[in-house]
2 protein chains.
Amino acid sequence: MSKSNNVYKDAYNRGLRLLDETKSLPSEPELGTLLGVSRTTIRSILARMEETGLIAWNKRSKTVLRVPRPDDFFPEEETDTLSQIIERSFMRRLLAGGAEPGMQINELELAREIGVGTTSVREFLIRFSRFGLIEKRRNSHWVLKGFTRAFALELTEIREMFELRSAAAFAALPEDSPVWADLDRLEDEHRLLAREIATRFNEFSELDERFHRLIHRASHNRFIVDFYDVIAMIFHYHYQWNKAQERERNEVAVAEHLAYIAALKSRDLDKVDAACRKHLKSARNTLLNSIPEGHQP
Amino acid sequence: MSKSNNVYKDAYNRGLRLLDETKSLPSEPELGTLLGVSRTTIRSILARMEETGLIAWNKRSKTVLRVPRPDDFFPEEETDTLSQIIERSFMRRLLAGGAEPGMQINELELAREIGVGTTSVREFLIRFSRFGLIEKRRNSHWVLKGFTRAFALELTEIREMFELRSAAAFAALPEDSPVWADLDRLEDEHRLLAREIATRFNEFSELDERFHRLIHRASHNRFIVDFYDVIAMIFHYHYQWNKAQERERNEVAVAEHLAYIAALKSRDLDKVDAACRKHLKSARNTLLNSIPEGHQP
DNA sequence: AAACTGTTTTTTCACGATAAAAGACATTAA
DNA sequence: TTAATGTCTTTTATCGTGAAAAAACAGTTT
C-alpha cells in the first residue's frame, strides 16, 4: 500500500452531493475545477458513479439516474489526508497528558503507533516545527518544548503586535475596497450568532478564525498572514481541550468582535486600537487560563 | 547508497586539528562532546587515525604519532550535509536568473538534477517554505513566489517590528546580565574590523549576524528569534549575489553598528530606537537596491 | 476552432529497506 | 565506585519503488 486514494474518495463524496441538485453533470474539466481535483480523478469518480447506477455516462452526456443513498458515500475516516491523521494523533498525545517539556519524540515509535511510514511522520514533524512546540537535534531526536505558559505568552505577544498593525491597516483601507463588504457580511453572521448563542455557541470558533484572517490579510504581509496558521492551530486544539465555560467565553467574544467591527467601520484609529487591544487581552487570558500550571520555572 | 557518512568525515577533519595541539587525546565520551558527535562516530574516527598511522590507540591511551598532513583530510565537499547541498543548488538556480515568479518547481526534476532522492528534496522544500519564497499546491507542484520587491518589503517590515522591540528589551536588561559582556566583546570586534576595513570588509556579514542575533535573543520570544533565520538566509545569499560597493556598504554598516551599540549601552530608549531605526533603514535600502527591477505589478 | 473526451506520460505521495549515527547495556580498568 | 571501553540495539537519514493523482498529448465532437 503506497498511497491512499483519499483525494478520490473525498471528491467522490462531495460529487455525490451535486447529484441531489441537478439532472445531469457538467463537463469533466468543469467538474475538476468544481471539486478541486484533476480530470484523472474526475474520471474515476464518474466511472464509479456509473458502476453503482447513479448516473448513465456516455461521453458528454452524464444523466443522473437516482439520488445518492447514505451507503453510497465513502466513510468519513477514509477521506482524511495522511497528514491530518498524523496531526490528530500527535496532538492527542500531546494534550492527553504525560507530555512533559523536554521529552524526546521518536519518529519510528510515532510511525508504528499511528500505523504509517516514517517518511510521513518526518515530513509532518518538519512542517509542525514552525509552530514552535518542538525542536530538532541535528542527526538525532526531536525535543518537545511543550505547551507551556511561556509558549502562550510568546505566541500572544506576536499576535498582538501583528493584529494591531493589521487592524490599523484595515481601517485605513479605501472606501471601495471589497473588504468592507466582507466585514458587513461577517457582522451579520455575528449578530445572528449572538441572538442564538444559547444553542449555537460552538459555531463561534469557525467564525472567529474567518474574522481574524480577514483582518490579518489587510496587512498585505505574507509573514503576518502565515503566522495566523500558528494561532489558528493552537486555538483549534485549545477549544477542543478546554470546554469550561465555553458558552460564556464565546458570548463575550462575540460582543467584543461586534465592538471591534464597529470600531473598524468608524475608521477611527484610536477606537480600533482600543477595541482590538481589549479583545486580544481577553483572548490571551482565556488561553492562559487553560494551561495547566505545572512544574515550570 | 542510503546515507553518506559526512558526519563522520566532518568530525574526522575537525578531529585532525586537535592532533596539532596535543600529545594524546582525551577519552571517547569527552571527544564526543568536543566534536558534537556520538561515541560510535568517535570510535570510527579513532580507528581510521590508527590505520593511517596518526595515533597509537590502545584502550585509554591514544598517543599522537605524527602531525596530520593536508592529504589526511577528507575533501571539503564530502563533509557537507545533504540539505546544504540541496539548498545551495536550489538557491543557485533561484538567483542565477530565469526564475520568474509563478514558475513551477518540480521535485523530481530537482532531485535528478542534483543527484539525490526525492525524499530529501521534499523535506528541503518543506523546511524552505517557511522563508515565504515558495508555496505548495495541495497534491501538486510548488510555486515560486520569487525574490521580489514585495518580498523584501514584507520581510523588512517584520524585521523592523521585531528588532525595535528586541532592542528595547535589550536596553532594559539588568546591569548584571551576561549580554553586556557579549556586547562589549562584539564592540571590540567591530572596532577592530573598522580599523582594517580595507582588507577585511568581507568578514562583516558573519559579524553582522552574530550582532543581530544577540539583540533578537533579548526578546525572549522564540518566534522573534526564529524569524532571524529568514533574515540571515536572505542576507547570506544576497551578500553572495550582490558584491557592488560591498566595501563601502559594510563600512557604513560597521559605523551604524557602533552607534547602535553605544545607544544600547546608554540605556536611553529614545537613542536606542533612533540608532536601530537608522541602521535598519539603510539595511533595507541595501536589500531593495539589489533586487532587479522586473516586470512586477 | 474551441471545448470536450480518450489515452499516455509525468509527478507526487507514501512505503519498506538499508547504511550511518546515536544510544543503551555490559564489562573492565583505575 | 566512578568512568572508561567494548558490544549490541535502536533510531535517523536516504534511497528506490509503485500506486494515486496530475498533467500533457492526441483525437473527437459540436
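Keep in mind that the numbers below use all heavy atoms, side chains included, and drop hydrogens, waters and symmetry copies. A note on names: the letters A, B, ... follow the listed sequences, proteins ahead of strands, and every chain is numbered from 1.
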- prompt: Between atom CG in Asp10(A) and atom P in dA20(D), what is the gap in whole Å?
  reply: 17 Å
message: Quick check on dA23(D): is either OP1 or OP2 less than 4.0 Å from any side-chain nitrogen or oxygen of Ser38(A)?
response: no
- line: Result for 5'-nearest mapping on DNA chain C, choosing between Asn6(B) and Val116(A), is Val116(A)
message: Closer than 4.0 angstrom, basic N to acidic O: yes or no for Asp229(A) and Arg213(A)?
response: yes
message: Has Glu78(B) got a side-chain atom pairing as donor or acceptor with Pro75(B)'s backbone, closer than 3.5 angstrom?
response: no
- request: Quantify the bending of the helix from dA1(C)-dT30(D) to dA30(C)-dT1(D) as the angle between its end axes, each fitted on five pairs, to 10°.
  value: 30°
query: Donor-acceptor pair, Ser219(A) side chain versus His216(A) backbone, under 3.5 Å?
result: yes
- request: Taking Arg14(A) for its side chain and Leu35(A) for its backbone only, find out whether a donor-acceptor pair lies under 3.5 Å.
  value: yes
message: I need the CG-P distance between Asp80(A) and dA14(C), as an integer number of Å.
response: 12 Å
- request: Using a 4.0 Å heavy-atom cut-off across all strands, classify Thr41(A) as base, sugar-phosphate, or nothing.
  value: sugar-phosphate
query: Gln84(B) CD to dA13(D) C1': how many Å, rounded?
result: 14 Å
message: Under 4.0 Å, heavy atoms only, any strand: does Lys9(A) hit a base, just the sugar-phosphate, or nothing?
response: nothing
Tabulate protein N/O versus nucleotide N/O from nucleotides 10-13 of chain C, keeping only pairs under 3.5 Å, one per line.
| unit_1 | atom_1 | unit_2 | atom_2 | d |
| --- | --- | --- | --- | --- |
| dT11(C) | OP1 | Asn106(B) | ND2 | 2.8 |
| dT11(C) | OP2 | Arg112(B) | NH2 | 3.3 |
| dT12(C) | OP1 | Glu107(B) | N | 3.4 |
| dT12(C) | OP2 | Asn106(B) | OD1 | 3.4 |
| dT12(C) | OP2 | Glu107(B) | N | 3.2 |
| dT12(C) | OP2 | Leu108(B) | N | 3.2 |
| dT12(C) | O2 | Lys3(A) | NZ | 3.1 |
| dC13(C) | OP1 | Asn139(B) | N | 3.4 |
| dC13(C) | OP2 | Arg122(B) | NH1 | 2.4 |
| dC13(C) | OP2 | Arg122(B) | NH2 | 3.4 |
| dC13(C) | OP2 | Lys136(B) | NZ | 3.2 |
| dC13(C) | O4' | Lys3(A) | NZ | 3.2 |

message: Using heavy-atom distances to pick each residue's nearest nucleotide on DNA chain D, tell me which of Ser120(B) and Asn5(A) is more 5'.
response: Ser120(B)
message: Could you tell me how far apart Ile86(B) (CD1) and dC15(D) (P) are, to the nearest whole angstrom?
response: 7 Å
query: Quick check: does any side chain N or O of Thr33(B) sit under 3.5 Å from a backbone N or O of Glu30(B), one acting as donor and the other as acceptor?
result: yes
field: Protein-nucleotide distance (Ile42(B), atom CD1; dA4(D), atom P), rounded to Å
entry: 13 Å
- prompt: Could you state the CD-P distance from Glu50(B) to dT5(D), rounded to the nearest angstrom?
  reply: 13 Å
- request: Would you list the pairs meeting ring pair (Phe, Tyr, Trp, His ring centres under 6.0 Å) in which at least one residue belongs to residues 5-32 of chain B, sequence neighbours left out?
  value: Tyr8(B)-Phe74(B), Tyr12(B)-Phe74(B)
- line: Here the distance between atom C1' of dA20(D) and atom CD of Glu78(A), to the nearest Å, is 15 Å
Aromatic ring proximity, centroids under 6.0 angstrom, Phe227(A) and Phe223(B): yes
Listed pairs, N/O of protein and of nucleotides 6-9 of chain C, under 3.5 Å:
| unit_1 | atom_1 | unit_2 | atom_2 | d |
| --- | --- | --- | --- | --- |
| dG6(C) | OP2 | Arg43(A) | NH2 | 2.2 |
| dG6(C) | O5' | Arg43(A) | NH2 | 3.3 |
| dG6(C) | N7 | Arg39(A) | NH2 | 2.6 |
| dG6(C) | O6 | Arg39(A) | NH1 | 2.9 |

query: For residues 40-59 of chain A, which residue pairs qualify under side chain to side chain donor-acceptor pair (under 3.5 Å), counting only residues two or more places apart or in two chains?
result: Glu28(A)-Arg43(A)
Output side-chain donor-acceptor pairs under 3.5 Å for residues 119-128 of chain B, partner residues at least two apart or in another chain, one line each.
| unit_1 | atom_1 | unit_2 | atom_2 | d |
| --- | --- | --- | --- | --- |
| Arg122(B) | NE | Glu123(A) | OE2 | 3.0 |
| Arg122(B) | NH1 | Glu107(B) | OE1 | 3.3 |
| Arg122(B) | NH1 | Glu107(B) | OE2 | 3.3 |
| Arg122(B) | NH2 | Glu123(A) | OE1 | 3.1 |
| Glu123(B) | OE1 | Arg122(A) | NH2 | 3.1 |
| Glu123(B) | OE2 | Arg122(A) | NE | 2.9 |

- line: Whole-Å distance, Ile114(B) CD1 to dT14(D) C1', equals 14 Å
